[in-house]
Amino acid sequence: MGMLAASAFLASPQAPAGRRSVSGAWTLRLRPAASPGAGTLRLHNFIPKCYIANIEVDVSTVNKEEDFDDQPSLPPGCSIPVVNLRGDVLDSSPFSLHDRASCPSDFEELPVLSEGEQHTLASTPAHPAGLYALYASYLFGNLVEQLWNFAWPAALAILHPSLLPVAIVGFFTKLSVFIGAPIVGKLMDHFPRIPMYTALNAVQVSTQLISAATVIYALKNLSHASTTAVVLRPWFIALVAAGAIERLAGLALGVTMERDWVVLLAGTNRPVALAQANAVLNRLDLICETVGASVFGLLLSKYHPVTCLKIACGLMICSFPVLVMLGQLINRVSCHALDSSRTATDESICIDLLDVSKIVQNSLSAIKHGWNEYKQQTVLPASAATVFLNFNVALAPGAIMTALLMHRGISPSIVGAFSGLCSIMGLVATFISSSLVKRVGILKAGAAGLIFQASLLSVALTVYWAGSISQMTPLLIFLSSIALSRLGHMSYDVVGTQIVQTGVPASKANLIGGMEVSIASLAELVMLAMAIIANDVSHFGFLAILSVSSVAGAAWMFCRWLTNPTDEQRELFMFDPLYQVQAI
């Protein structure tokens with residue numbers, strides 16, 4: 001007992017950050033732990049694990065200021081660094097941190113934040129002005145991106161009556177994400193944030209303009225060509241290449257803002273502020289999907305497709321200087337929180353990563369390492385359910401659905417309204433999910449979202465096979481079922497993310513999250529390969545069956561995981577109502 005609980009508590013990550021003096025001769029420099037939320041843990045949460053009793057501390061031999069940055073951490077059960085001071089057990093009375101009489105070592109005042117003050121601190125962003133600038137940048141950039149994501153499949157559907165061109169572009173887009181995402185992620189870690197952000201925006205806008213130019217050229221010069229003639233044309237090959245690079249750049253921008261910048265601006269030790277910032281970004285994304293799809297659908301219903309694409313190009317050109325300016329503004333108003341220095345080894349690492357001959361080798365190496373870690377996680381079934389949902393590329397708003405509706409002669413305004421309604425349902429789901437978690441717990445909320453989505457997609461599949469969606473009534477039921485299913489999809493998206501965040505250690509969060517994105521891209525690749533094989537519109541029913549089966553499989557897998565919990569799983573979610581009821 002000479003290794004002292006009192007001193008351990010003073011150096012604990014759960015103690016308030018600051019400096020505490022002892023006997024006027026020694027100062028402990030304290031800091032919050034790196035793990036999310038550690039800075040806001042309450043004292044009453046700490047006591048049951050490590051109760052301080054029967055301890056007296058002798059600090060007479062300590063005579064200098066000492067920094068504890070190099071102290072090792074204890075196992076996860078009690079993450080309190082131990083300070084090596086001499087101490088002896090003298091009596092059986094509990095040790096009081098605020099009682100000078102019982103502490104001969106003459107501790108000075110140890111102020112502790114009240115619960116209300118901790119809540120206020122946790123809810124206050126570290127750089128609120130920077131967050132607002134981030135929201136503006138995210139809104140504007142995402143709006144242009146979502147408009148283009150709706151524009152190119154709609155234009156290709158008008159150009160040629162087959163799902164094959166859209167499926168090919170989508171396939172190589174997902175392939176570029178699957179192979180290139182690990183390399184881009186490493187590059188982002190070793191380059192300064194602002195220059196990398198500017199470069200990624202330049203790449204994305206340039207490739208969007210190239211893609212738009214190729215489609216405009218095809219609309220003006222191509223008429224009644226066969227499918228083979230279309231996909232082998234130089235303009236189409238350029239569209240595929242530009243589309244793949246554009247999507248990879250867009251994904252990298254999303255990762256840097258949603259996984260890196262927002263954490264720095266909200267504060268790593270301010271979980272409530274970070275959660276609120278994440279929710280705002282999620283809602284802005286859904287709003288952009290709604291507005292982008294609706295605006296371009298409205299333009300298509302009133303103007304020629306070439307005119308609509310020229311308007312989109314104008315927005316892309318205007319977006320680049322605005323986004324660069326907003327990036328600089330974010331850094332300026334946040335006291336240059338986004339500035340980062342580079343180590344001496346960064347240049348060699350970046351040169352190696354940019355070596356074209358090693359891109360595939362480096363990507364495969366990163367994927368192999370990530371998979372080994374990914375499959376060992378306790379929450380693997382919850383993450384795998386998210387991956388399974390990505391197999392649903394047919395009965396969801398996207399390129400395949402847009403192409404199908406355009407081929408069926410559905411008005412572009414209805415197509416745009418459908419995409420907008422799906423986004424609205426997703427926005428509503430972000431509010432419903434939090435209420436559902438409070439009522440039934442996070443695990444049951446996840447199961448409810450998956451079952452709800454599978455049920456409504458089954459209705460949509462039945463309607464598709466039962467009648468022609470060219471008629472208004474079956475069409476409305478078909479589209480409404482898919483739109484309402486987005487409530488379940490987005491609810492599980494929010495809840496599933498939280499489940500994985502709970503179960504994955506903070507040191508592996510980026511690795512596991514990146515692996516999940518990579519596997520999800522692989523799932524979409526498989527479905528797009530199916531779409532290429534069954535490229536005729538008459539084969540859409542086959543793709544719809546695969547989509548419903550994947551969602552139903554995700555629901556079955558998740559529910560089975562809940563009903564057959566392991567001891568580690570019960571311990572991880574010990575406060576969830578599901579396992580509390582089972583324990584009783």
Side-chain angles (χ1 to χ4, degrees), residues 13-14 33-38 41 45-46 48-50 73-80 271 275 367-391 433-434 436-454 488-489 491-520 522-523 549-584:
Q14 298 166 357
S35 60
L41 290 177
N45 288 335
F46 162 80
K49 292 184 178 180
C50 304
S73 297
L74 288 180
C78 182
S79 58
I80 304 174
I367 291 171
K368 181 180 179 180
H369 174 64
W371 171 250
N372 290 333
E373 293 287 349
Y374 180 75
K375 65 184 181 180
Q376 296 175 8
Q377 300 304 309
T378 305
V379 293
L380 175 62
S383 179
T386 301
V387 173
F388 267 61
L389 295 182
N390 286 274
F391 281 99
S433 58
S434 58
L436 196 61
V437 168
K438 290 181 181 179
R439 291 189 177 187
V440 301
I442 188 173
L443 298 179
K444 287 185 178 179
L450 290 172
I451 294 173
F452 185 80
Q453 183 184 6
H489 177 85
S491 293
Y492 184 77
D493 186 58
V494 174
V495 172
T497 298
Q498 187 174 345
I499 292 174
V500 174
Q501 289 173 338
T502 302
V504 175
S507 60
K508 300 179 181 179
N510 291 328
L511 176 65
I512 302 304
M515 195 62 208
E516 183 178 296
V517 171
S518 182
I519 297 176
L522 180 61
S549 300
S550 66
V551 176
W556 175 83
M557 183 192 317
F558 186 81
C559 292
R560 181 177 175 81
W561 179 61
L562 296 187
T563 55
N564 296 279
T566 62
D567 292 339
E568 187 177 0
Q569 182 180 338
R570 288 181 181 276
E571 182 179 356
L572 195 60
F573 300 98
M574 66 174 65
F575 297 110
D576 191 271
L578 175 64
Y579 295 143
Q580 286 181 344
V581 171
Q582 290 181 357
I584 294 174

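- In this structure, the separation between CG on Asp567 and OG1 on Thr378 is 11.0 Å, given to the nearest 0.5 Å.
- Remark: Ser383 engages Tyr374, Glu516 in a side-chain hydrogen bond (donor to acceptor under 3.5 Å, both in side chains) (not counting sequence neighbours).
- When all heavy atoms are compared, the tightest approach of Leu443 to Leu562 is O-CD1, 3.6 Å.
- Partners of Phe388 by ring pair (Phe, Tyr, Trp, His ring centres under 6.0 Å), not counting sequence neighbours, listed by chain and number: Phe391.
- Considering only residues two or more places apart in sequence or on other chains, Phe452 meets the ring pair (Phe, Tyr, Trp, His ring centres under 6.0 Å) condition with none of them.
- Of all heavy-atom pairs between Ala520 and Asn390, the closest is CB-ND2, 3.4 Å.
- For Asn564, the CG atom is densely surrounded, since the number of other residues' heavy atoms within 6.0 Å is greater than 12.
- Not counting sequence neighbours, the partners of Ala454 by the side chain to side chain contact (heavy atoms under 4.5 Å, CB included) test are Val551.
- Ala384 and Met557 get closest at one heavy-atom pair: CB-SD, 3.6 Å.
- For Gln569 (side chain) and Trp561 (main-chain N/O), a donor-acceptor pair under 3.5 Å exists by modelled atom type.
- Asn372 pairs by the side chain to side chain contact (heavy atoms under 4.5 Å, CB included) definition with Lys368, Lys375, not counting sequence neighbours.
- The line from CZ of Phe558 to CD1 of Ile451 is 9.5 Å long, rounded to the nearest 0.5 Å.
- Residues Ala554 and Ala385 approach most closely at CB-O, 3.6 Å, considering heavy atoms.
- Between the CG atom of Leu389 and the CG atom of Leu450 there is a distance of 6.0 Å, given to the nearest 0.5 Å.
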